[in-house]
Asks: 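Attaching a single structure in structure tokens format; questions to follow.
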Amino acid sequence: MPLPMFKENKRPSNTSNTKTIAIAAGKGGVGKSTLTVNLALALREKGYSVGILDSDIYGPSLRKMLPEDRLPVQRGDKIIPALCSGLEMISMAYFRREDEAAAVRAPIANNIVSQFIKNVVWGNLDYLLIDFPPGTGDIQLTLSQQMNLSGAIMITTPQEVSVMDVKKAMHLFEQVRIPIIGVVENMSYYFNESLQEKVHLFGKDGGRKLANEVGVPFLGEVAIDPYISQCGDAGTPLFRSKSEGQQSQETFLKIAEQLVDHTEILAKHQTKSLENFELVWKEMESQ
């Protein structure tokens, strides 16, 4: 299924130094796309060059959260990604109308993802974040096997039903020898301003317990913040204002900092051998 594209000439080169990170959960509704966008923005805020691959063929939502400043273009048989708030991005959302359902069977969806993997020419990126679709099927396997992933960040909410599905996704990465960089707990709590206390609407410490159980770093808690939702709905960057959403900005900057540190440690060890992970994580914890 060839993807219809806009045309232009010239063609940039790729870099082999890009760290490619999966953002995954094994289920929908935990905020993978929101986390992907804001983590990418946080990395950019820290001075890194970042791209996003939206691999959710059936329900791409990143274009809503990151409206393009420049549409993707076709140069020969290659696709140049869109430019969105300083981030490079490719998504199925560019190839169909917003109100049009992606009614395609799994082999066709997998073929589209393969085209994204093989035909998109990224710039000189430091980090490429891949927003994984829900589940542990063909598309997830294709991405895991063909993208040369540096590692995966697992997203969960505190509740046990979310943690159960995330464990399954972690098992998939273990099977294909992709290291787990760490766990992020989204929707951890709501801060009640009048009472000046945290309210745990969906349980407490599910992500932290999962990280401890599996033996990987816990990267942090992301609170339920209306400002995050407002930015996503309006298509405006979380870091547009220094006076609004400061707590959430700090949270994502800290997670981005850990991502940078942990991927550098993994690259230094140059291993995807699971039996060596325990030594790697101990070094991470000592940082």
Side-chain angles (χ1 to χ4, degrees), residues 10-24 32 35-55 62 66 69-70 72-73 75-91 113-132 140-154 173 176-182 184 216-217 219 237 239 252-274 276-277 279-281 283-284 287:
K10 284 193 197 171
R11 176 171 171 179
S13 58
N14 268 333
T15 174
S16 59
N17 297 321
T18 303
K19 295 178 178 67
T20 306
I21 312 297
I23 311 295
K32 290 188 306 300
L35 267 290
T36 300
V37 167
N38 290 313
L39 182 54
L41 290 168
L43 285 167
R44 189 205 63 181
E45 195 76 6
K46 295 178 77 66
Y48 294 100
S49 177
V50 186
I52 299 176
L53 193 162
D54 181 2
S55 64
L62 294 191
L66 280 175
D69 301 309
R70 182 196 71 204
V73 297
R75 293 174 181 165
D77 61 345
K78 298 299 181 180
I79 300 170
I80 309 304
L83 189 63
C84 313
S85 297
L87 307 171
E88 294 187 26
M89 188 170 78
I90 198 68
S91 170
V113 169
S114 293
Q115 288 189 60
F116 284 167
I117 294 171
K118 296 171 184 175
N119 295 345
V120 175
V121 181
W122 304 94
N124 294 321
L125 300 180
D126 297 306
Y127 290 90
L128 175 61
L129 306 187
I130 304 179
D131 183 13
F132 263 55
Q140 291 81 358
L141 283 170
T142 296
L143 289 164
S144 299
Q145 292 170 342
Q146 296 185 22
M147 278 303 296
N148 192 26
L149 294 172
S150 304
I153 290 179
M154 309 307 300
F173 288 118
V176 293
R177 294 294 192 260
I178 302 298
I180 306 298
I181 294 169
V184 175
V216 299
L219 303 181
F239 295 89
F252 281 107
L253 288 170
K254 287 177 182 176
I255 294 172
E257 202 171 287
Q258 291 186 80
L259 168 60
V260 171
D261 290 343
H262 294 182
T263 50
E264 285 180 358
I265 290 170
L266 285 170
K268 184 180 73 176
H269 281 265
Q270 293 183 331
T271 176
K272 287 187 180 181
S273 175
L274 293 180
N276 293 328
F277 281 0
L279 297 174
V280 178
W281 303 141
E283 183 174 339
M284 289 180 180
Q287 296 295 306

Asks: Answer yes or no: is there a side-chain heavy-atom contact under 4.5 Å between Leu259 and Ile181?
Replies: yes

Asks: State the CG-CD1 distance between Asn119 and Ile90, to the nearest 0.5 angstrom.
Replies: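 Here the rounded value is 10.0 Å.
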
Asks: What distance do Cys84 atom SG and Ile52 atom CD1 have between them, rounded to the nearest 0.5 Å?
Replies: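 If I round to the nearest 0.5 Å, the distance is 7.5 Å.
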
Asks: Determine whether Leu66 and Leu87 satisfy the following criterion, side chain to side chain contact (heavy atoms under 4.5 Å, CB included), listing intermediate values before the conclusion.
Replies: CA-CA 9 Å; Leu66 280 175; Leu87 307 171; 3.8 Å; yes

Asks: Kindly indicate, with the supporting measurements, whether the criterion side chain to side chain contact (heavy atoms under 4.5 Å, CB included) is fulfilled by Leu128 and Met147.
Replies: CA-CA 10 Å; Leu128 175 61; Met147 278 303 296; 3.8 Å; yes

Asks: Got a sec, which residues hit ring-ring contact (aromatic ring centres under 6.0 Å, His included) with Phe252, two or more places apart in sequence or on another chain?
Replies: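 Partners of Phe252 by the ring-ring contact (aromatic ring centres under 6.0 Å, His included) criterion come out as none, since no residue qualifies.
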
Asks: To the closest 0.5 Å, what do you measure between CG (Leu129) and CE (Met89)?
Replies: 12.0 Å

Asks: What is the distance from atom CG of Leu39 to atom CG of Leu253, rounded to the nearest 0.5 Å?
Replies: 10.0 Å

Asks: Distance from Ile117 atom CD1 to Thr20 atom OG1, nearest 0.5 Å?
Replies: 10.5 Å

Asks: Hey, are the side chains of Tyr127 and Ser150 touching, using non-hydrogen atoms and a 4.5 Å cut-off?
Replies: no

Asks: I'd like to know whether Leu43 forms a side chain to side chain contact (heavy atoms under 4.5 Å, CB included) with Val260, so could you lay out the CA-CA distance, the side-chain angles of the two residues, the decisive distance to 0.1 Å, and finally the verdict.
Replies: CA-CA 9 Å; Leu43 285 167; Val260 171; 3.8 Å; yes

Asks: Show the numbers, then the answer: is there a side chain to side chain contact (heavy atoms under 4.5 Å, CB included) between Arg44 and Leu41?
Replies: CA-CA 5 Å; Arg44 189 205 63 181; Leu41 290 168; 4.1 Å; yes

Asks: Determine the minimum heavy-atom distance between Ser144 and Val176, stating which atoms define it.
Replies: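 Of all heavy-atom pairs spanning Ser144 and Val176, the closest is CB-CG2, 3.7 Å.
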
Asks: Check for a donor-acceptor pair, side chain of Gln258 on one end and backbone N or O of Leu219 on the other, with a separation under 3.5 Å.
Replies: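 Yes.
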
Asks: Can any side-chain N or O of Glu45 pair as donor or acceptor with the backbone N or O of Phe239 at less than 3.5 Å?
Replies: no

Asks: Could you tell me whether a side-chain N or O of Thr18 sits under 3.5 Å from a main-chain N or O of Asp126, the two making a donor and an acceptor?
Replies: no

Asks: Is any side-chain heavy atom of Lys19 closer than 4.5 Å to one of Leu266?
Replies: no

Asks: Tell me the closest heavy-atom pair linking Ala22 and Phe173, and the distance in Å.
Replies: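 Heavy atoms of Ala22 and Phe173 come nearest at CB-CZ, 4.1 Å.
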
Asks: How long is the straight-line distance from NZ of Lys118 back to NZ of Lys78, given to the nearest 0.5 Å?
Replies: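 If I round to the nearest 0.5 Å, the distance is 10.0 Å.
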
Asks: At their closest point, which heavy atom of His262 faces which heavy atom of Pro217, and how far apart are they?
Replies: CE1-CB, 3.6 Å

Asks: Just by modelled atom types, is the Pro81 backbone N or O under 3.5 Å from a matching donor or acceptor in the Arg70 side chain?
Replies: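 Between the backbone of Pro81 and the side chain of Arg70 there is a qualifying donor-acceptor contact (under 3.5 Å).
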
